[in-house]
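For reference, the structure is listed below as structure tokens.
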Amino acid sequence: MSFKQLGLIEPLLKALKEQGYTEPTPIQKQAIPVILAKKDILAGAQTGTGKTAGFTLPMLQLLSQHKQVGEKPLIRALILTPTRELATQVAESVDVYGKYLPFKSTVIFGGVKINPQLVALKKGVDIVIATPGRLLDHISQKTIDLSKVDFLILDEADRMLDMGFINDIRKVLAILPKNRQNLLFSATFSDEIKKLADTLLNAPKLIEVARPNVSSEQVKQVIHPVDKERKRELLAHLIKEGDWKQVLVFTRTKHGANRLSEQLEKDGITATAIHGNKSQNARTKALADFKAGTVRVLVATDIAARGIDIDQLPHVVNYELPNVPEDYVHRIGRTGRAGNVGEALSLVCIDEKEFLENIEKLIKKDIHKFVVKGFAPDPSIKAEPIVQKRGQQQRGQQSKAPKSHLGPNANQKEPRKKAPSQRGMSHRHRDK
Ligand code: AMP
């Protein structure tokens, strides 16, 4: 089935042709006709499935069916995303696919100056792509008029809820006109998502597509057992030996990401870190340098990496395993896309044994273990629980942390005072 057969109009087909897209992806095949029929949808789709075009194309087409009267455009479509990076990428897609249509759009997110956003809003736009926090600032300052919005998209809704945006989302929903079309995209369907869908969507059509490359044949997964102190040395060795040109490395903390990228630089390997403590400009530059190949290694935390559109990475390295097994699946989904075989390596020390067991349970297979010559773990080293720094913001997913790190009282309802060594390690940290 072609894009034309899906009912898309000529200006969109022309833009798609320029992009070199010949065939719609499964999510596009399913979502586009339903959205064009003005129905609400609840879509299960991750980054990498082509979901962005799946909602952007029909949104642009519907906007073009009702030209506005008056000179200044009014906001008719609102797209909410969890992160600034994702907002930027969606905005780029709107520009690319809408190249031959007369619509104006703008992005609204925190961490950057508010003035350019005010100027854009004042001039008037048809489409706003926003993260919830800064959007609420504009709403409370009355610098944005959402009274004509009749098209709402929540992208990566599960992440928005994970990041604690539910109240912000509800506040935004409360001021939107009641009569509108709603699209909800989420990689997972938790009870919370279903609850949100129930209150938000009107007789939605459910659309689900397979996760791309989840532990698939296209991703070769390997565990390299190694002592914690020697991980950096092993990583530098692998990069140099394999002459890797572009590798995405995951760490569990922002501090760890910074430290590792600095250490790699000292080892003569160009590296940069991306995480929520960096300014928006620094994050954009880090990503651009990595994409352009001027830095070989991008070190990222889970949330910072989420939604970043870097396709077909040959190598993804888990410098530390995530304490939430689902994050492992998200991480390795960064490689092996679009028919290319990718490699996901995990450097695992004895302290992470339990994390690994949880991951293998989730993906329902044992990952191949391979000791790199000269890096065999010292058998005399005993496991120590992994302690996250106190004071780190946390995301509150207690039940998902390994039991052995929670201690015997972990399942009690009333919070008990934890011993100093236990504080703060049962949650994963928050990295906004
Ligand atoms: P997304 O899941 O929206 O993040 O898209 C993943 C990647 O697939 C992006 O780089 C898109 O540009 C690309 N893409 C989207 N639709 C198509 C298509 N029909 N054919 C080829 N590439 C596509």
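Just so you know, ligand 1 is whichever comes first in the structure, and atom 1 is the first atom listed for that ligand. Here the structure is a predicted model, which is why all the values come from computation and not from measurement.
Looking at Tyr21 next to ligand 1, an N or O pair under 3.5 Å apart turns up. Polar contact check, Pro24 against ligand 1: no nitrogen or oxygen pair lies under 3.5 Å apart.
Below 4.0 Å from some heavy atom of Glu23 lie the following atoms of ligand 1, by number and element: 18 (C), 19 (N), 20 (N). Contact atoms of ligand 1 toward Thr52: 1 (P), 3 (O), 4 (O) (distance under 4.0 Å to a heavy atom of the residue).
A side-chain donor-acceptor contact under 3.5 Å links Ser93 to the backbone of Gln89.
Residues Asp243 and Ile239 fail the side-chain proximity criterion, which asks for heavy atoms closer than 4.5 Å.
No salt bridge links Arg296 with Glu265; every basic N to acidic carboxylate O contact stays at or beyond 4.0 Å.
Atom CD of residue Glu23 and atom CG of residue Leu16 lie 12.5 Å apart, to the nearest 0.5 angstrom.
At a heavy-atom cutoff of 4.0 Å, ligand 1 is contacted by no atom of Phe55, backbone or side chain.
When only modelled atom types and interatomic distance are considered, Asn202 and Asp40 share no side-chain donor-acceptor pair under 3.5 Å.
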